[in-house]
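Below: one structure, written as structure tokens.
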2 protein chains.
Amino acid sequence: MSLESSIHAKAVELSKNAIRMTTTAGSGHPSSAMSLAHIVVELMYRHMRYDPADPWHPNCDRLVLSEGHAVPIIYAAYADLGGAVGNRHNKPKLLKAEDLSALRELDSELDGHPNPAEGFPFFDAATGSLGQGLSVGAGLALGARLDGINKRIFVLIGDGESREGQIWEAADFIVDHQLTSVCVIVNCNGHGQAAPVSGRQSSEVIAGKLGAFGWEVKAIDGHDPAQVVAALENLNTEEKPVAIVARTIKGWGVPSIIGKNYHGKPIPAEDVDSALAELDATATDVGAELTERFTPPAPPAAKAKLKPKEIRIAPFVEGLERVGLSSTIKSKKLATRVAYGAGLVALGDADDRIVALDADVSNSTYSMFFKEKHPDRYFECRIAEQNMISVAAGLSAAGKIPFVSSFGKFIARATDQIDLASITRANLKIVASHTGVSLGADGPSQMAVADLAYFRSMTRVDDGHGGIACRVFHPSDAVCSYRCCELMANVRGMCYLRTHRPATPIIYSFEERFELCGCKQLREGRHLTLASSGYMLNTVLKAAEELAKAGITCHVFDCYTFPLEATPILSAARDSGGVILTVEDNYAGGLHAELAEAAARQGNVRVDGLTVSRIPKSAKTAEEVFTHVGLGLGHIMKRARDLVGA
Amino acid sequence: MSLESSIHAKAVELSKNAIRMTTTAGSGHPSSAMSLAHIVVELMYRHMRYDPADPWHPNCDRLVLSEGHAVPIIYAAYADLGGAVGNRHNKPKLLKAEDLSALRELDSELDGHPNPAEGFPFFDAATGSLGQGLSVGAGLALGARLDGINKRIFVLIGDGESREGQIWEAADFIVDHQLTSVCVIVNCNGHGQAAPVSGRQSSEVIAGKLGAFGWEVKAIDGHDPAQVVAALENLNTEEKPVAIVARTIKGWGVPSIIGKNYHGKPIPAEDVDSALAELDATATDVGAELTERFTPPAPPAAKAKLKPKEIRIAPFVEGLERVGLSSTIKSKKLATRVAYGAGLVALGDADDRIVALDADVSNSTYSMFFKEKHPDRYFECRIAEQNMISVAAGLSAAGKIPFVSSFGKFIARATDQIDLASITRANLKIVASHTGVSLGADGPSQMAVADLAYFRSMTRVDDGHGGIACRVFHPSDAVCSYRCCELMANVRGMCYLRTHRPATPIIYSFEERFELCGCKQLREGRHLTLASSGYMLNTVLKAAEELAKAGITCHVFDCYTFPLEATPILSAARDSGGVILTVEDNYAGGLHAELAEAAARQGNVRVDGLTVSRIPKSAKTAEEVFTHVGLGLGHIMKRARDLVGA
């Protein structure tokens with residue numbers, strides 16, 4: 001009984017601090033936090049093998065709080081345990097109880113929702129947009145397995161949150177990959193934000209669903225210490241991952257707020273004392289008494305890790321040979337997506353940290369080359385893109401460099417997950433194939449056209465860790481695509497590679513080098529500057545050739561990356577007509593915006609742009625679609641002539 | 001037996017045409033199409049109550065092909081039945097068998113994937129990005145229920161597709177709302193694109209999952225006509241929706257391609273004859289013989305519909321009074337999100353077509369006002385944003401005007417669904433609250449900052465139906481927010497309204513009018529032009545006041561909508577310093593890009609911009625966050641001074 005009494009006592013203590021800190025902060029979710037009190041005590045004080053003072057320890061068990069708004073209860077426990085905060089492993093600051101009052105302050109590590117990047121290394125990923133944590137946990141488990149580490153991953157999700165489809169994508173993924181080191185605990189407190197949860201999210205129905213998805217389910221009372229302890233004691237099922245479905249009470253211990261849909265607001269300052277008194281009364285009722293001394297078990301000793309080196313991939317020709325593409329070298333034609341496949345293999349050959357994920361289209365994105373060469377580091381995610389991105393975020397937290405591929409159109413499925421990975425500062429490499437409209441016949445449901453605007457928006461954003469939120473790569477030929485893989489692997493942070501379906505001419509020498517923020521001048525002229533990237537660059541080169549025949553000579557720039565150092569382009573344009581025409585196979589917000597912003601800051605170069613001007617449809621050939629959306633060779637020629645007044 | 005033989009015979013005939021048309025097109029998915037042959041025959045020739053020559057008939061049963069790539073089998077059936085194509089109800093063109101050879105051509109209505117907007121009115125929504133059809137079906141069923149129409153909605157999904165979490169969001173939603181008119185048929189052919197489906201998507205496991213989600217499940221052989229007929233015969237369950245889990249064969253009837261993961265490619269021209277011969281042999285084996293004459297049962301007669309009128313909402317003050325906000329009129333302060341709530345109620349009062357959907361945050365977005373006033377037209381979607389958007393697309397197809405609200409951050413969850421709704425040209429009104437960083441303390445996981453770049457990208461895109469792909473509204477005060485509701489309801493097509501959490505001053509007269517593509521000049525000056533919108537406009541107005549004290553006078557423009565007619569702003573800037581400074585609480589790609597693109601086309605006005613320059617974090621006040629991300633009053637003042645050289 002002394003264990004149970006002690007868990008109750010600690011749960012009451014943490015709940016009090018959750019109340020105090022949210023009231024001091026003036027916002028937050030105390031009632032959700034309190035529903036997790038006993039589970040968090042058992043996990044963080046007794047069950048998880050970790051060292052609060054060294055959460056960076058590679059062998060630590062990990063906790064993912066998917067329902068991020070409940071975070072005050074974690075902060076309370078972590079402060080009590082003297083957990084380390086800050087971003088510097090060699091100079092940790094140990095949290096104290098008094099730090100809790102800084103919750104949500106600008107200079108505090110205790111962000112409103114879990115946010116490791118702001119200095120809370122106990123967590124591996126930003127959460128708070130719901131439904132993503134189980135996938136992150138799966139990624140952590142995959143990473144640990146690759147490293148031969150026997151660690152457990154605990155994921156706390158809410159009942160209302162389990163309505164998010166991604167939870168069920170993750171549930172399938174974990175069973176498929178037999179990630180039995182993941183244990184999910186469903187916090188069934190019965191209340192969402194606006195209303196009680198649906199009957200579809202009752203603890204019984206959730207348990208039934210998890211069972212149907214292939215999980216071993218344990219149903220418990222989440223405020224009964226004995227049941228919580230027992231549920232966590234026997235997790236070593238060999239075959240099935242374990243789900244603990246815990247019936248809990250939102251606002252546990254404070255009857256005056258229970259059952260009233262009390263969500264997302266602190267207890268008013270004037271009511272705090274009475275709420276704490278209610279908790280004291282609850283403590284008496286349940287026989288709370290802190291007699292045990294809780295110390296989390298230490299993690300197993302870790303092996304020393306080598307410092308990662310810069311990744312150098314094989315020369316282009318060798319890279320193609322390794323995946324059986326030697327014939328391409330003669331034909332001098334290759335799709336950028338295929339070159340990506342070769343680059344990915346070369347990366348995997350060069351560094352063990354490289355892992356790849358795909359969503360049932362590896363034979364279209366060409367991640368299949370990696371799947372064949374490095375099957376142990378390839379993770380098939382099936383048709384479930386949201387889970388794939390969040391799994392990759394977990395793999396990144398485990399020290400891997402995940403390359404995630406699908407059709408660009410389907411990558412959009414995971415926009416919110418990408419946003420969260422960005423907040424996490426995940427080292428995520430997103431590879432989108434079949435972008436733009438050049439895929440032609442399959443039609444608009446397979447075409448990514450708003451993607452560049454979205455990803456470019458992040459390229460002007462400081463990540464606060466010496467990098468930028470995202471870099472975009474948009475190669476126009478196979479050499480550039482291959483080399484972009486290397487650039488992406490070596491720059492810390494999120495990257496987006498945009499590849500195309502059709503085979504296109506190789507325009508660069510096999511030895512060409514590319515750089516971050518760079519561009520390449522491919523032609524020189526005196527009348528107009530043309531700027532493009534990706535597939536469209538080929539049409540632009542044709543246009544420049546035709547225009548030259550008519551006496552209009554053009555600079556042509558390949559703008560293969562964002563952010564782009566625009567000075568060379570603006571300078572070239574200024575000296576030769578003062579006009580730039582951008583051409584891009586996406587909706588507005590890409591290259592035209594990039595160069596117009598740069599030019600308009602200075603005001604002495606004009607910029608016009610052609611983008612996908614109407615919602616596309618199917619056509620048998622890419623050229624027909626380009627013409628349909630205003631990007632045919634004729635459109636480019638006409639606009640160029642208009643701009644130079646010819 | 002003659003019925004079964006006839007169904008077999010028709011299935012063979014349609015399969016042949018699926019082969020022929022994809023081979024002629026040079027791309028497509030014949031094997032997936034053939035796995036649906038018998039089910040499609042039973043549905044389209046015998047079971048569904050509809051008139052192929054009048055698919056616009058409001059009482060028709062509907063079919064949603066969620067696995068859009070299987071569409072050739074539908075085209076084959078529809079052509080055989082003389083189905084109507086084109087966008088003109090009063091001038092339909094009746095499809096003929098020979099039209100099938102135009103599959104995927106630019107001027108054909110037979111797009112690569114289902115695409116009603118290109119002239120295939122049998123469908124209600126574009127599909128092809130997987131997992132969305134069941135939600136669309138739910139929206140169609142809700143619409144029919146509101147109109148008192150007893151129609152059935154059949155949704156065909158793939159087994160691999162059922163890995164998408166959205167399927168399970170829809171499964172919950174349909175049970176929650178007792179939409180028993182929806183019948184889902186799962187096509188378990190066992191093969192995805194790159195590989196056989198996971199064991200998690202076997203027909204047995206899918207059946208178990210559907211059962212756990214509360215569905216009545218019937219497992220059948222999808223190529224046994226008797227079983228298909230029987231399964232569809234008894235759908236009238238009162239309590240549970242029915243799911244038919246059909247075991248099928250990818251490439252049915254052509255043994256040479258069965259079991260070989262033959263996906264997404266037509267049969268080579270030289271092999272077509274032998275494939276057709278294989279189908280003939282199969283026909284003999286199963287005793288196929290067309291003796292029955294199939295005619296789909298007619299739909300019940302429809303009532304005449306009134307032509308919809310322009311929607312006029314109550315005056316602003318009355319609109320506020322209706323939702324109990326009279327006191328605001330005195331305080332002259334109100335959050336744009338709250339004004340949206342009032343505007344939505346006013347719309348609902350004025351027109352029955354207005355419906356609202358929310359994802360458990362109605363008390364934050366203020367759709368709760370509508371929920372209280374018009375509960376029959378409010379649909380709670382719980383924490384499942386993807387399903388919500390696709391349900392709304394279905395409601396739009398049913399003639400409703402759906403307003404869909406959540407935090408802007410969580411709307412990002414449904415980007416792919418929004419993309420598809422855009423291809424559908426759904427009349428969807430998306431309302432994003434808590435956008436930008438002004439919500440402060442909850443931190444970045446709740447902040448929408450990349451949203452404007454994404455939605456603006458669609459505002460320069462012709463929808464091919466006389467409109468544009470999307471309009472963005474970003475009101476800075478309550479009057480504008482209220483009036484934007486009216487603008488959105490009256491303009492056909494997708495709209496995005498961006499509201500903020502904090503209460504802000506009412507800056508417009510209660511009678512002010514706003515217009516599409518419009519902007520408002522709020523101050524006049526001689527040195528600099530400031531442009532902003534939404535929450536930031538308030539800071540910009542303060543900055544202008546402070547600058548005026550220092551002798552720097554500014555034009556100030558409220559750019560409350562995209563696309564924006566920029567001429568007035570550029571003209572004003574040209575006459576007073578020639579410099580514009582934009583200020584916006586989002587990542588790059590919003591107002592700065594909009595005005596820089598316009599200015600750089602002409603080249604005589606400079607444009608500089610302040611955006612959210614780093615990944616945000618929590619802080620107790622909005623002002624602290626603004627300062628953290630480079631958008632404090634001081635940042636604006638400094639940049640303005642720099643630009644005018646003061």
Side-chain angles (χ1 to χ4, degrees), chain A residues 27 104 106 111-113 118 126 128-130 160 163 165-166 168-169 172 176 192-194 198 200 208-209 212 360 362-363 382-384 412-413 415-416 423 441-445 450 453-454 457 460-462 464 587-589 593 596-597 599-601 603 606-608 614-615 617-619 624, chain B residues 27 104 106 111-113 118 126 128-130 160 163 165-166 168-169 172 176 192-194 198 200 208-209 212 360 362-363 382-384 412-413 415-416 423 441-445 450 453-454 457 460-464 587-589 593 596-597 599-601 603 606-608 614 617-619 624:
Chain A
S27 65
R104 296 180 165 220
L106 185 63
D111 233 44
H113 289 74
E118 298 296 349
S129 181
L130 294 171
R163 184 88 171 208
Q166 186 181 354
W168 303 101
E169 295 177 0
D172 269 351
D176 257 355
Q193 173 178 319
S198 154
R200 305 285 84 221
K209 290 174 176 176
D360 193 36
S362 58
N363 50 348
R382 308 286 176 177
I383 307 171
R413 194 65 160 246
T415 302
D416 188 34
I423 299 169
D442 271 323
S445 70
Y454 168 70
S457 79
R460 295 285 170 196
V461 178
D462 187 333
Y587 288 172
E597 284 172 9
R601 279 210 167 87
R606 288 163 57 206
V607 186
D608 198 3
R614 60 182 295 175
I615 300 175
K617 80 173 292 295
S618 299
E624 284 172 284
Chain B
S27 66
R104 297 182 165 216
L106 185 64
D111 233 42
H113 288 73
E118 298 297 350
S129 180
L130 294 171
R163 184 86 171 211
Q166 185 181 354
W168 304 100
E169 296 177 0
D172 269 351
D176 258 355
Q193 174 179 318
S198 154
R200 306 285 84 221
K209 289 173 175 177
D360 194 37
S362 58
N363 50 349
R382 310 286 177 176
I383 307 171
R413 193 67 158 248
T415 302
D416 188 33
I423 298 168
D442 271 322
S445 70
Y454 168 70
S457 79
R460 294 283 170 198
V461 178
D462 187 331
D463 76 353
Y587 288 171
E597 284 171 8
R601 279 211 168 86
R606 288 165 56 208
V607 186
D608 198 2
R614 61 182 294 175
K617 79 174 291 294
S618 298
E624 285 172 283

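By convention in this document, chain letters (A, B, ...) are assigned in the order of the sequence lines, proteins followed by strands, and residues within each chain are numbered from 1.
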Greatest number of non-hydrogen atom pairs under 4.5 angstrom with chain A, of Ala593(B), Gly165(B), Ala450(B), Ala599(B), falls to Gly165(B)

Interatomic distance, NZ@Lys209(B) vs NZ@Lys209(A), rounded to 0.5 Å, equals 12.5 Å

Applying a strict 4.5 Å limit to non-hydrogen atoms, the region of Ala441(B) in contact with chain A is both

Greatest number of non-hydrogen atom pairs under 4.5 angstrom with chain B, of Ala194(A), Ala212(A), Ala596(A), falls to Ala194(A)

*When you check the gap from the basic side-chain N to the acidic O, do Arg614(B) and Asp462(A) get nearer than 4.0 Å?*
no

Counting heavy-atom pairs under 4.5 Å with chain A, the top scorer among Ala588(B), Ser27(B), Gly464(B), Gly112(B) is Ala588(B)

Honestly, the part of Glu624(B) sitting under 4.5 Å from a heavy atom of chain A is both

Most contact-rich option vs chain B, by heavy-atom pairs under 4.5 angstrom, among Ser457(A), Ala384(A), Ala412(A), is Ser457(A)

Q | Whether Arg413(A) side chain and Leu130(B) backbone form a donor-acceptor pair below 3.5 Å | A | yes

Answer key: most heavy-atom pairs under 4.5 Å with chain A among Asp176(B), Thr415(B), Asp416(B), Val607(B) is Asp416(B)

Exercise. Is any side-chain heavy atom of Asp442(A) less than 4.5 Å from a side-chain heavy atom of Arg104(B)?
Worked result: yes

- Message: Taking the side chain as everything from C-beta on, heavy atoms only, tell me whether Pro444(B) gets closer than 4.5 Å to Asp111(A).
- Response: yes

Note: vs chain B, highest number of non-hydrogen pairs under 4.5 angstrom among Ala126(A), Gly603(A), Gly128(A), Gly443(A) is Gly128(A)

Interface check, chain B: of Glu118(A), Arg382(A), Gln166(A), most non-hydrogen pairs under 4.5 Å belong to Arg382(A)

Pair count under 4.5 Å, heavy atoms only, with chain B: among Ser129(A), Gly589(A), Gly208(A), Ser362(A), highest is Ser129(A)

Taken in chain and number order and not counting sequence neighbours, the residues that satisfy salt bridge (charged side-chain N to carboxylate O under 4.0 Å, His left out) with Asp360(B) are none

